[in-house]
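Note sheet for the following structure.
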Amino acid sequence: MRTMPTPPWALLLAGGEGRRLRSLTRQISGDARPKQFCPIFDGETLLDRTRRRADLLSRMDHQVVVVTRAHAPYYAALACDLAPARLVEQPQNAGTAPGILYPLLRMRELAGNVPVVVYPSDHYVSDEGAFVGSVSHAVNLVRQRSGRSTSEPASAR
């Protein structure tokens with residue numbers, strides 16, 4: 001009997017400052033919030049759209065979002081939406097590498113050695129179907145090369 005592989009985990013990066021588009025986001029939202037928290041598309045933020053995109057490939061409880069504590073007013077509701085231990089708050093924005101490394105360590109604690117898709121939450125994607133298809137293909141290649149068809153924690157093997 002063939003088993004279906006477990007969906008990959010998703011790491012959503014939402015800790016950036018959004019300085020380059022600050023004048024635009026200030027016009028839209030009336031404050032200095034980073035672009036990932038700005039309702040740019042019909043009242044939907046870039047982070048909301050990224051979460052929906054991640055839902056197409058990963059289970060909701062397999063998604064971790066990294067944010068910066070100074071942006072707490074903009075992501076407060078997110079803490080209620082996510083599964084426990086899935087919101088990673090950085091004390092301050094330390095750049096992309098730390099924003100990826102610490103959440104990856106948390107994911108390893110939660111799930112073991114699993115495929116992870118990293119999603120910047122401040123990007124616009126015009127064709128989500130094509131995007132998710134490409135990401136899915138990449139995840140399958142990772143699984144083939146690692147010799148694993150499932151993503152069970154290493155401790156279970």
Side-chain angles (χ1 to χ4, degrees), residues 2-29 31 33-68 71-90 93 95-104 106-108 110-146 148-151:
R2 199 172 144 203
T3 61
M4 294 298 292
T6 302
W9 279 63
L11 170 55
L12 286 69
L13 303 175
E17 299 299 327
R19 288 186 184 101
R20 290 187 305 259
L21 291 180
R22 174 98 9 107
S23 61
L24 174 64
T25 58
R26 188 178 298 276
Q27 280 183 320
I28 294 169
S29 64
D31 57 32
R33 71 184 63 204
K35 61 187 171 280
Q36 64 269 25
F37 301 112
C38 188
I40 295 176
F41 300 101
D42 299 323
E44 189 176 46
T45 68
L46 289 170
L47 177 56
D48 292 336
R49 291 181 82 106
T50 303
R51 289 184 68 206
R52 253 191 322 104
R53 195 174 311 119
D55 287 344
L56 298 173
L57 195 59
S58 299
R59 292 179 8 194
M60 286 178 54
D61 63 327
H62 286 185
Q63 296 175 17
V64 173
V65 180
V66 61
V67 294
T68 300
H71 305 146
Y74 311 121
Y75 65 78
L78 182 62
C80 298
D81 286 348
L82 296 172
R86 302 313 193 268
L87 183 66
V88 176
E89 293 177 295
Q90 302 177 103
N93 180 7
T96 304
I100 291 174
L101 181 60
Y102 180 67
L104 284 177
R106 174 151 327 156
M107 293 167 124
R108 188 165 178 105
L110 292 168
N113 187 16
V114 296
V116 175
V117 177
V118 178
Y119 295 88
S121 67
D122 60 354
H123 291 185
Y124 170 74
V125 175
S126 62
D127 186 343
E128 291 188 350
F131 176 85
V132 170
S134 295
V135 171
S136 179
H137 179 70
V139 169
N140 287 335
L141 287 174
V142 166
R143 284 192 171 116
Q144 288 172 7
R145 294 203 173 149
S146 69
R148 295 189 182 124
S149 61
T150 64
S151 59

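Only heavy atoms go into these numbers, but all of them, side chains included; no hydrogens, no water, no symmetry mates.
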Report task. Could you give me the CA-CA distance, side-chain angles and deciding distance for Glu17 and Thr68, then say whether side-chain contact (heavy atoms from CB on, under 4.5 Å) is met? Result -> CA-CA 9 Å; Glu17 299 299 327; Thr68 300; 4.3 Å; yes
Report task. Check the pair Ser121 / Leu46 against side-chain contact (heavy atoms from CB on, under 4.5 Å), numbers first and verdict last. Result -> CA-CA 6 Å; Ser121 67; Leu46 289 170; 5.8 Å; no
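- Shown here are the salt bridge (Lys or Arg N to Asp or Glu O under 4.0 Å) partners of Arg86, two or more places apart in sequence or in another chain: there are none.
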Report task. Check step by step if side-chain contact (heavy atoms from CB on, under 4.5 Å) holds for Leu12 and Arg51. Result -> CA-CA 8 Å; Leu12 286 69; Arg51 289 184 68 206; 3.5 Å; yes
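- Applying the 6.0 Å contact sphere to CZ of Arg20 captures no more than 12 heavy atoms from other residues, nucleotides or ligands.
- By the 6.0 Å contact criterion, OH on Tyr102 is open, its count of non-hydrogen atoms from other residues, nucleotides or ligands being 12 or less.
- Cation-pi contact between Arg53 and Tyr119: absent, since separation from the ring centre below 6.0 Å together with deviation from the ring axis within 45° is not met.
- Checking each of Val135, Val142, Val117 against Pro8 for a side chain to side chain contact (heavy atoms under 4.5 Å, CB included) leaves exactly one that passes, namely Val117.
- Using cut-offs of 30° and 60° for the angle between ring planes, the Trp9 and His62 rings count as parallel.
- Using a 4.5 Å heavy-atom threshold, the side chains of Val66 and Ile100 count as separate.
- Asp122 pairs by the salt bridge (Lys or Arg N to Asp or Glu O under 4.0 Å) definition with Lys35, not counting sequence neighbours.
- For the pair Ala14 and Val65, the tightest heavy-atom approach, listed with the atom from each and the gap, is CB-CG1, 4.1 Å.
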